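To start, the structure itself, in structure tokens.
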Amino acid sequence: MINRVGYACINEHLKPKTFRSCRLKTIKEKGIDYLKQIILHNVEFTNEILKWNLDHTILMYRVTSDLMPLVTHRDVLAMSDWRWYEDEEIAGKLKAIQILVQENRMRLSMHPDQFTVLNSNKPKVVAASIEYLEYHAKLMHAMGGHDLILHVGGVYGEKEEAKRRFVEQFHLLSAEIKMLLRLENDDKSYSISDVLEISEATGIPVVFDYHHYRCLTDGKITEDLIGKIERTWQHGMPKMHVSSGKTYEKDKSHHAYISWEDCRRVWEIYQRHDVDVMIEAKMKDRAALRFLEDLDEMNGKVNQ
DNA sequence: CTCGGTCAAGGATAC
DNA sequence: GTATCCTTGACCGAG
């Protein structure tokens, strides 16, 4: 059955309050303490969002990668000896999140941006990606997070070679990152079978993105496929991503909400399997709430 | 004070 | 090689 439901980063109900960000230039002008204030605001706001989630039975959430803007940038690192992970004030606020998460069995994830390319053929890109992953892993550790979700990366006109490079470069990662990493199928290059193949070679659990799968295939989900994905999760609950096409079913752009039909499909498939569902929709928390309502209605119909 | 072009980072594609 | 799209939301400077 479907267990936890979640959404990514933005909370529509709490607007106009937002996360803060900044430009490199501004940090250079205003100094490292300006950046620290932004970070404190963002960590506090994350805590506020998690409490809101809890009040609305939303037990899963993706933390924004921009929680600490530019902290891995070399110019910022060169500016001072200050490091966010050595700052007690920040540590205290991250700890509060960890406690909230653990007390309520919430599931936190992060999803490094598209320029995190572990299988790149450029050593500089790989090195930068690993640094960015280290930042994510530290943050996840501090907050009690569970999942660091990644795409395979580029193809470079030679997919098999690119896949081999992913496996090879996976072994350069620290044990902390390896433990947190999950692989997601994408909507144009790496299909679910590509990802399952890499999972077999690396032991990385697979996050099944239903919409990406549908964009690349006929969209039919078999018991065999679900079983294969499920078996990549040696420990813990499998996790999947759900979204609906904006203007037509295979539209890669996301709709504001999850359609009733898609909710129904996912509900049906997971009658006999356990999964946590991450909603990827423009209306974020509103879409997650509607999805939960739709699920309730479907479950109600079953119980009648 | 408001608005909209711009912003660290990669890759794919077209020219 | 260079431009543009993908795609996202807050920044921040021009007016």
Side-chain angles (χ1 to χ4, degrees), chain A residues 7-32 34-35 37-46 49 62-79 84 110-136 148-159 161-163 165-166 169 184-191 194 209 211-212 215-216 241 243-247 250-256 278-287:
Chain A
Y7 63 95
C9 310
I10 308 236
N11 183 296
E12 292 289 330
H13 282 90
L14 295 175
K15 280 185 176 177
K17 189 161 180 179
T18 60
F19 287 103
R20 291 181 59 198
S21 184
C22 59
R23 302 282 184 270
L24 187 54
K25 192 181 161 198
T26 314
I27 300 176
K28 286 178 177 174
E29 277 168 15
K30 300 193 176 178
I32 208 78
Y34 178 81
L35 175 61
Q37 297 314 314
I38 289 176
I39 292 171
L40 285 171
H41 166 87
N42 288 349
V43 176
E44 271 171 44
F45 188 40
T46 299
I49 288 175
R62 179 190 301 163
V63 175
T64 173
S65 289
D66 290 329
L67 196 76
M68 302 186 178
L70 300 164
V71 289
T72 62
H73 192 283
R74 49 174 301 158
D75 289 6
V76 173
L77 292 171
M79 269 178 72
W84 67 267
M110 292 185 85
H111 196 342
D113 312 68
Q114 83 285 353
F115 40 75
T116 313
V117 190
L118 190 57
N119 78 340
S120 176
N121 49 12
K122 301 180 192 72
K124 274 180 80 175
V125 174
V126 177
S129 297
I130 293 176
E131 272 176 45
Y132 200 46
L133 285 171
E134 289 286 357
Y135 152 74
H136 280 81
L148 200 44
I149 296 161
L150 202 63
H151 290 290
V152 181
V155 172
Y156 313 93
E158 189 55 75
K159 200 198 242 182
E161 180 59 29
K163 277 153 83 171
R165 209 163 44 235
F166 183 95
Q169 282 158 190
E184 178 189 350
N185 58 305
D186 68 61
D187 58 8
K188 53 182 200 294
S189 306
Y190 290 96
S191 68
D194 290 324
D209 189 305
H211 189 60
H212 291 166
C215 288
L216 286 182
H241 290 175
S243 48
S244 295
K246 187 176 185 178
T247 49
K250 290 192 176 202
D251 190 347
K252 286 174 181 164
S253 297
H254 292 167
H255 192 82
M278 179 61 82
I279 300 298
E280 293 185 320
K282 298 269 181 249
M283 289 307 282
K284 307 288 182 179
D285 49 310
R286 294 188 191 280

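In this text, all values refer to a predicted model and were calculated from it rather than measured experimentally. Each chain gets a letter, A, B and so on, in the order the sequences are listed, and its residues count up from 1. All values below were derived from every heavy atom in this structure, side-chain atoms included, with hydrogens, water molecules and symmetry-related copies excluded.
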Can you check the [X] [atom1] to [N] [atom2] distance for me, whole Å?
{"X": "A/Phe115", "N": "B/dG10", "atom1": "CZ", "atom2": "P", "answer": "8 Å"}
{"X": "A/Asp113", "N": "B/dG11", "atom1": "CG", "atom2": "P", "answer": "14 Å"}
{"X": "A/Tyr190", "N": "B/dG11", "atom1": "OH", "atom2": "C1'", "answer": "11 Å"}
{"X": "A/Tyr34", "N": "C/dA10", "atom1": "OH", "atom2": "C1'", "answer": "11 Å"}
{"X": "A/Leu14", "N": "C/dA10", "atom1": "CG", "atom2": "P", "answer": "13 Å"}

(request) Could I get the full list of salt bridge (Lys or Arg N to Asp or Glu O under 4.0 Å) partners for A/Glu158, not counting sequence neighbours? (result) none
(message) Can you list, in residue-number order, the parts of residues 120-130 of chain A that come under 4.0 Å of DNA chain B, counting heavy atoms only?
(response) A/Ser120, A/Lys122, A/Val125
(request) Would you jot down, in residue-number order, the residues of residues 62-76 of chain A having a non-hydrogen atom under 4.0 Å from DNA chain B? (result) A/Leu70, A/Thr72, A/His73
[X]: which residues meet the side-chain contact (heavy atoms from CB on, under 4.5 Å) condition with it, sequence neighbours left out?
{"X": "A/Ala256", "result": "A/Lys282, A/Met283"}
{"X": "A/Arg23", "result": "A/Thr26"}
{"X": "A/Asp75", "result": "A/Leu24, A/Lys28, A/His73"}
{"X": "A/Ser189", "result": "A/Val155, A/Asp186"}

(request) Decide yes or no for A/Ile130 and A/Leu118: does some side-chain heavy atom of the first lie under 4.5 Å from some side-chain heavy atom of the second? (result) yes
(message) Just to be sure I follow the notation: if a pair is Watson-Crick (purine N1 to pyrimidine N3 plus N6-O4 or O6-N4) or a G-U wobble (N1-O2 and O6-N3), each under 3.5 Å, what dot-bracket string does DNA chain B give, with | for pairs to another strand?
(response) |||||||..||||||
Pairs: protein N or O with nucleotides 1-4 of chain C N or O, under 3.5 Å:
none

(request) For A/Met110 and A/Thr64, work out which heavy atoms get closest and say how close. (result) CE-O, 3.4 Å
Short heteroatom pairs, N/O only, protein and nucleotides 2-4 of chain B, under 3.5 Å:
none

(message) Tell me whether the count of non-hydrogen atoms from other residues, nucleotides or ligands lying under 6.0 Å of NZ in A/Lys250 goes above 12.
(response) yes
(message) What I want to find out is whether A/Glu280 reaches A/Arg62 closely enough, with some N-O distance under 4.0 Å, to be called a salt bridge.
(response) yes
(message) Ignoring hydrogens and geometry beyond distance, is a side-chain donor-acceptor pair present between A/Glu184 and A/His241 at under 3.5 Å?
(response) yes
(request) For B/dA9, take OP1 and OP2 only and decide whether either is under 4.0 Å from a side-chain N or O of A/Tyr132. (result) no
(message) According to ring-ring contact (aromatic ring centres under 6.0 Å, His included), who are the partners of A/Tyr132, at least two apart in sequence or on a separate chain?
(response) A/Phe115, A/Tyr135, A/His136
Quick test: give all pairs of protein nitrogen or oxygen and nucleotides 5-7 of chain C nitrogen or oxygen below 3.5 Å, distance rounded to 0.1 Å.
none

